[in-house]
Amino acid sequence: VPKKLMSYGAHFADWLRLASNYGWELGAARHDFAKLLRNRNDEIARLNGIYIGMLEKAGVRLIAGRARIVGRSGDGFVVEVGGERIAATRVALAVGAQPSAPVIPGVELAVSSDQLLEDVYELPRRLAVIGAGYIGLEQSSIFLGLGVETHLLLRRQLPLHGFDDDLRHGLKTALERRGMNFRCEMEIQAIERTEGALRVVTSTGAVEVDQVLLATGRRPMPNTRGIGLEELGVRMDDAGAVLVDRDYASNVPGLHALGDCSDHAFGCEGGTAAEELGLGSGEFDLTPVAVAEGRALAERLFNDPTARVNYHAIPTAVFSIPQAASVGLAEARARRLGHDVQVFMTTFRPLLYTMPDDGGARGEDRTTMKLVVDRETDKVLGCHMVGDDAAEIVQALAVALTCGATKAQFDDTMALHPTSAEEFVTLYQPVA
Ligand SMILES: Cc1cc2nc3c(=O)[nH]c(=O)nc-3n(C[C@H](O)[C@H](O)[C@H](O)COP(=O)(O)OP(=O)(O)OC[C@H]3O[C@@H](n4cnc5c(N)ncnc54)[C@H](O)[C@@H]3O)c2cc1C
């Protein structure tokens, strides 16, 4: 939520530029960055208050503090938190993940996304973002939109490893047009303090900036360390994710793990969503997945033992500017899983940008939409989009994919004109 609010804040720069094409005369615009941060923090505090209120209303007793399992109590556990010891038959771990940092000299000079989304700070003049996963792209887009000279440093040729290649290409092109400085296929070697600035040294040269953001992934370690799990013999993977079965149960009876700190039940036997989808457990680290797992665990233990999380059509968005969003399989992944794939794709200029341009507007922005279809069954395997409102549109398409929609059913769906989304139901000719 905090980054979405920041993204809205940055997006206004585009909307203000566009306004003159529609006859608005607004005068010189000025942005108050400190106000954006203050208002964002106030809104997050308000939301946190609502969640805490909901828990209290439901009868949950909240104890603030870092919890640790300090021993056994019969078949159960003794948990210590906030100076109290609590005996529990079952424990559900939901300790989340933490940003992971590369081991390089000067890494302490960089900040993490957690800091940028919680602290109040000055807008830097120049920013380097290391890592081009969704967090790196979102953060770099926000700062670019706010007028910061932004450098995105990545190991690969394209951002968003794991997403569909056409989406990756489309987003990179759009960001380059907006002035993002990509430095691809490099390794970070060091961060150095120079006079009044920071220098990021890479295998392909150095870049001088005022702030460096690390967006190099997240892992459950160290949250799952030092809280009594090793002493109990809980099985974890190399990143510290607790291995669980379909009941989110670890190898220690009564101890469950959910959300980012777990491997999302992929360590379990008997065929898994991860194997079928060819995904790694980190690709499931999303808020609605954690929420669904919490709900499923409560249902399975205390109400309906058949309750299951459906991992098959998890929509995911990158709140960059422009947005990118996907549900289902990327083309390359579908081919790797053995599908005979048909691809339908279009790239176009959305209506909003077609008005005669006074100059400075983003008239050249293009939207890309792509469907990956299984030729044999006609099932739509994946929907991918780069462009305005991609996240909203793909959320609705996730319903169709969850229902197992075919391309013929997409074609049968009446278009809603004039929208960008209608292109998804009027893609008649395959491109590959
Ligand atoms: C910058 C950023 C942007 C993101 N954007 C999106 C997005 O747009 N959409 C999306 O779906 N997901 C997004 N995510 C991912 C999402 O935040 C996580 O997948 C989700 O929060 C996981 O929920 P969780 O409950 O497993 O862990 P968390 O939400 O991390 O919660 C874990 C909690 O446990 C607490 N804790 C840890 N150890 C202990 C302990 N020993 N005792 C007591 N408390 C403890 C932590 O302080 C934390 O409050 C984003 C993540 C980041 C970092």
Side-chain angles (χ1 to χ4, degrees), residues 1-8 40 44 47-48 51-52 55 62-70 77 79-84 86 88 91-101 111-119 129 131 133-143 160 213-230 234 239-242 244 248 255-265 281-297 309 311 314-320 323-327 390-392 394-395 398:
V1 174
K3 60 102 188 278
K4 184 91 186 277
L5 297 173
M6 298 279 283
S7 178
Y8 280 137
R40 172 202 69 185
I44 298 305
L47 284 177
N48 280 337
Y51 286 122
I52 288 171
L55 288 169
L62 292 172
I63 307 167
R66 183 167 192 269
R68 274 185 322 132
I69 300 173
V70 291
F77 308 89
V79 178
E80 192 177 78
V81 59
E84 262 189 71
I86 296 157
V91 168
L93 282 174
V95 293
Q98 291 234 0
S100 65
V111 295
S112 75
S113 59
D114 284 1
Q115 285 161 289
L116 281 191
L117 291 174
E118 285 164 18
D119 292 355
V129 177
Y134 79 93
I135 292 176
L137 283 171
E138 290 172 346
Q139 296 292 331
S140 54
S141 284
I142 290 166
F143 286 95
L160 286 178
L213 168 67
L214 285 181
T216 42
R218 292 173 66 84
R219 47 199 333 232
M221 225 145 34
N223 291 10
T224 49
R225 291 277 183 257
I227 55 168
L229 304 187
E230 293 98 329
V234 175
V242 177
V244 291
Y248 306 104
L255 189 95
H256 300 264
L258 311 154
D260 287 10
C261 73
S262 79
D263 77 333
H264 301 280
S281 70
E283 293 177 61
F284 293 81
D285 287 346
L286 294 165
T287 297
V289 174
V291 171
E293 290 176 353
R295 190 171 289 154
L297 176 63
V309 175
Y311 290 100
I314 300 174
T316 178
V318 185
F319 293 96
S320 46
Q323 292 180 357
S326 281
V327 58
E392 304 288 343
V394 165
Q395 170 66 92

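Just follow the structure's listing: the first ligand is 1, and inside any ligand the first atom is 1.
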Going by the order shown, which atoms of ligand 1 are within less than 4.0 Å of some heavy atom of P288?
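Under 4.0 Å from P288, ligand 1 has these atoms: 11 (O).
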
Out of I69, T224, D260, whose heavy atom is nearest to atom 19 (O) of ligand 1?
D260

Among all protein non-hydrogen atoms, which one is nearest to atom 43 (C) of ligand 1, and what is the separation to 0.1 Å?
G65 O, 3.4 Å

Number the atoms of ligand 1 from 1 as they appear, then name those within less than 4.0 Å of a heavy atom of G96, with their elements.
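Listed by number with element: 27 (O), 30 (O), 32 (C).
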
Determine, counting only non-hydrogen atoms of the protein, whether one lies under 4.0 angstrom from atom 29 (O) of ligand 1.
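Protein heavy atoms within 4.0 Å of atom 29 (O) of ligand 1 - there are none.
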
Measure the distance from atom 23 (O) of ligand 1 to every protein heavy atom, then report the residue, atom name and distance (to 0.1 Å) of the closest one.
A290 CB, 3.6 Å

Can you check whether V234 reaches L93 side chain to side chain, under 4.5 Å on heavy atoms?
no

Can you sort out which atoms of ligand 1 are near G259, meaning under 4.0 Å from one of its heavy atoms?
26 (O)

Separation of I86 CD1 from E80 CD (nearest 0.5 Å):
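Interatomic distance, E80 CD to I86 CD1, rounded to 0.5 Å: 9.5 Å.
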
What is the closest protein heavy atom to atom 48 (C) of ligand 1, and at what distance does it sit?
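Heavy-atom neighbour on the protein nearest atom 48 (C) of ligand 1: V95 O, 4.7 Å.
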
Does the protein place a non-hydrogen atom closer than 4.0 angstrom to atom 5 (N) of ligand 1?
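Yes.
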
For atom 31 (O) of ligand 1, which protein heavy atom lies nearest, and how many Å away is it?
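Of every protein heavy atom, A94 O, 4.1 Å lies nearest to atom 31 (O) of ligand 1.
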
Nearest-contact summary for atom 51 (C) of ligand 1 - protein heavy atom, Å
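Ranked first by proximity to atom 51 (C) of ligand 1 is Y134 OH, 3.6 Å.
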
Can you list the ligand 1 atoms lying under 4.0 Å from a non-hydrogen atom of I227?
41 (N)

Below 3.5 Å, N or O to N or O, backbone or side chain included: is there any such pair between Q139 and ligand 1?
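N/O-N/O distance under 3.5 Å: no.
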
Looking at atom 13 (C) of ligand 1, would you say a protein heavy atom lies below 4.0 Å from it?
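Given the 4.0 Å limit, the answer for atom 13 (C) of ligand 1 is yes, a protein heavy atom qualifies.
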
Could you give the distance from CG (D114) to CG (L214), rounded to the nearest 0.5 Å?
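These two atoms lie 11.5 Å from each other.
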
Sub-4.5 Å side-chain heavy-atom contact between R218 and D285
no

Between ligand 1 and D285, is the shortest N or O to N or O distance under 3.5 Å?
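So ligand 1 has an N or O lying under 3.5 Å from an N or O of D285.
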
Atom 41 (N) of ligand 1: any protein heavy atom closer than 4.0 Å:
yes

Taking distance alone, with no angle check, do K3 and ligand 1 share an N/O pair under 3.5 Å?
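The answer is yes, given that K3 and ligand 1 share an N or O pair closer than 3.5 Å.
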
What distance do E392 atom CD and Q323 atom CD have between them, rounded to the nearest 0.5 Å?
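Rounded to the nearest 0.5 Å, the CD-CD separation comes to 7.0 Å.
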
Which residue holds the protein heavy atom closest to atom 1 (C) of ligand 1, what is that atom called, and what is the gap in Å?
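Looking only at protein heavy atoms, the one closest to atom 1 (C) of ligand 1 is L117 CD1, 3.5 Å.
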
Would you say S7 and I142 make side-chain contact, with heavy atoms under 4.5 Å?
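Yes, at least one pair of side-chain atoms sits under 4.5 Å.
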
Give a yes or no on whether Q115 atom CD has more than 12 heavy-atom contacts from other residues, nucleotides or ligands under 6.0 Å away.
yes

Set of side-chain hydrogen bond (donor to acceptor under 3.5 Å, both in side chains) partners for E118, sequence neighbours left out:
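Residues passing side-chain hydrogen bond (donor to acceptor under 3.5 Å, both in side chains) with E118: none at all.
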
Which option out of L116, L286, V289 puts a heavy atom nearest to atom 9 (N) of ligand 1?
L286

Per-atom contacts, ligand 1 versus R218 - under 4.0 Å to a heavy atom
53 (C)

Which residue holds the protein heavy atom closest to atom 2 (C) of ligand 1, what is that atom called, and what is the gap in Å?
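Going by distance alone, atom 2 (C) of ligand 1 is nearest to I135 CD1, 3.6 Å.
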
Considering only the protein, which heavy-atom contact is closest to atom 21 (O) of ligand 1, and what is its distance?
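Here the closest protein heavy atom is T287 OG1, 4.0 Å.
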
The criterion is salt bridge (charged side-chain N to carboxylate O under 4.0 Å, His left out); which residues satisfy it with R295, sequence neighbours excluded?
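With sequence neighbours excluded, R295 shows a salt bridge (charged side-chain N to carboxylate O under 4.0 Å, His left out) to no residue whatsoever.
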
